[in-house]
Amino acid sequence: MHSETPASSAAPGDGLVRAGGIVFIVGAVATLVTVAPLFLGTDPFPPIAYAVCMLMGVGFLIAGVGVLRSIAAQRRQAKSAARPAL
């Protein structure tokens, strides 16, 4: 029995995890850019810039949904493999 997953196969949820990571990074960069004026003593950015910072949380949520979807798919696969063939 071969229990390793081939490297080329994409499991359900992998795309969501990747997309969530990208959205999280965009939000993290926006947070750094938005906080910089506080340390540099310049004028703060408009409120929309602070809204972009919320992408960090959204990206984390998207990635979490991807992980849960992957877990559910692996459980279904394990259950179907554990059933005795009749």
Side-chain angles (χ1 to χ4, degrees):
M1 182 164 104
H2 189 58
S3 63
E4 294 182 15
T5 304
S8 63
S9 70
D14 284 354
L16 285 173
V17 172
R18 284 190 190 105
I22 292 168
V23 172
F24 181 86
I25 290 171
V26 168
V29 170
T31 300
L32 291 174
V33 169
T34 305
V35 172
L38 298 174
F39 294 111
L40 300 175
T42 60
D43 291 333
F45 286 105
I48 190 71
Y50 293 97
V52 175
C53 295
M54 297 298 133
L55 288 178
M56 256 173 77
V58 172
F60 190 75
L61 183 67
I62 292 170
V65 168
V67 169
L68 292 175
R69 187 171 178 200
S70 178
I71 290 170
Q74 287 178 6
R75 282 188 176 188
R76 283 192 302 269
Q77 184 180 14
K79 279 185 179 182
S80 68
R83 286 190 190 138
L86 297 176

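Across all their heavy atoms, P12 and A73 have their closest contact at CG-CB, 3.6 Å. Residue I62 comes nearest to L16 through the heavy atom pair CG2-O, 3.3 Å, listed as atom of the first residue, atom of the second, then distance.
Members clustered with L61: none, using a 4.5 Å side-chain heavy-atom cutoff among hydrophobic residues. F60 belongs to a hydrophobic cluster whose remaining members, ordered by chain and number, are F24, M56; membership requires side-chain heavy atoms of ILVMFWY residues under 4.5 Å apart, directly or through intermediates.
Shown are V29, T31, I25, V23; of these, the side chain to side chain contact (heavy atoms under 4.5 Å, CB included) with L55 is made only by V23.
The CZ atom of R76 lies 11.5 Å from the CD1 atom of I71; values are rounded to the nearest 0.5 Å.
In this structure, the side chain of S70 does not engage the main chain of G66 through any donor-acceptor pair within 3.5 Å.
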Can I get a per-line list of side-chain donor-acceptor pairs under 3.5 Å for residues 35-52, giving both atom names and the distance, sequence neighbours left out?
none

